[in-house]
Amino acid sequence: MARTHHPRRTVLAALAATSLLALGACSSGSSANTADNGGDDTITIGFAQVGAESGWRTANTDSIKSTLTADNGFDLKFSDAQQKQENQIQAIRSYIAQGVDVIAFSPVVESGWDAVLQEAKQAGIPVILTDRAVDTDDDSLYESFIGSDFVEEGRRAGEWVSQNLGTEPINVVELQGTTGSAPAIDRKEGFADAIADNSNVTVIDSQTGNFTRAEGKTVMEGFLQAHSDIDVVFAHNDDMALGAIEAIEAAGKVPGKDIKLISIDGVKDGMTALADGKISYIVECNPLLGPDLAEIAKKVVAGEPVDKRIVTKDEAFDQEAAKAALPDRKY
Ligand code: AHR
């Protein structure tokens, strides 16, 4: 699908131009999507999580569970979809049947959500997206989308490769995230954009490792068997990079020297490998979305306007920056 004709990107591009600027560009809680929690101040929120595939996801789940607490005015119903869209749809339908005040979820994949989101809308239950976007032409199906700019993350990784590894030809293998997920699609696109004008950098192979350490290792073993000339691994998350490091070491090569690794997330294990010289550069993806979700959920239930798109701020770390950041790293 041509990038400029991608419906989600069209919607998000239009939103990005407006929602970051001012609250005046907010969507308001429409009567159809403003929850009525019956005068009880406690907000019942159903959260359908992707799974427990990575250190990032564990940190994200911890942030949500430690923020949406009874003390903070929430009754949290939490489900783990084990990276399966059908499980997530089932969980959302169950939250609709229970009549929760708000539904929040991080979509496993981008497409295929319109039907269940229509059901939530018809039931008058507002939906908040966290972390990952959905691909829809109808942005009235959700109130707000809180999360990182994944295209930008991929772009920053590609720019680092392009600008820091000299002028000799550089062969890159790419470990993609879950097929069809927003971060896998967007990070691939951002990286490709960033290296497009640099003819020295070539992606020679690209396969999914499903955001897990085990699959990252298996796919890297295949890359090492298929290619004798790998210079760089671009992993869509730290866990796959850590799996790739195991495969590289088992093949008798030295990660960080024989093969350089670039990844995304900035979880403690990834930052430790960066500080140890095994990874060369990490673009952060902030998983601590609980506080923003709590704030937006409260506003939505109160019928107050909310930003349609909230972009989480991410940093990036080289080896020296990782050493400095590690002692205070929260996840
Ligand atoms: O959607 C965010 C991504 O999902 C993280 O980068 C990855 O680690 C997680 O599994």
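Order of listing sets the numbers, starting from 1, for every ligand and every atom in it. Atom set for the values below is all heavy atoms of this structure, side chains included, hydrogens, waters and symmetry mates excluded.
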Student: Distance under 4.0 Å, heavy atoms only, partner ligand 1: which residues pass?
Tutor: E53, S54, W56, R57, D131, R132, F150, P183, R187, F211, N237, D265
Student: Quick one: list whatever passes ring pair (Phe, Tyr, Trp, His ring centres under 6.0 Å) with F105, sequence neighbours left out.
Tutor: W113
Student: Just wondering, are more than 12 heavy atoms of other shown residues or ligands nearer than 6.0 Å to CG in D229?
Tutor: yes
Student: With a cut-off of 6.0 Å (strictly less than), are more than 12 heavy atoms of other residues, nucleotides or ligands near CD of Q163?
Tutor: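 Result for CD/Q163: enclosed.
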Student: Sort and list the pairs that fulfil ring-ring contact (aromatic ring centres under 6.0 Å, His included) and have at least one residue in residues 246-288, not counting sequence neighbours.
Tutor: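 Applying ring-ring contact (aromatic ring centres under 6.0 Å, His included) to every pair that reaches into residues 246-288, excluding sequence neighbours, yields W160-Y281.
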Student: Checking the side chain of Q83 only, and the main-chain atoms of E53 only, is there a donor and an acceptor separated by less than 3.5 Å?
Tutor: no
Student: Which ring-ring contact (aromatic ring centres under 6.0 Å, His included) pairs, counting each pair once, include a residue from residues 186-230, with sequence neighbours left out?
Tutor: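 Sorted pair list: F191-F234.
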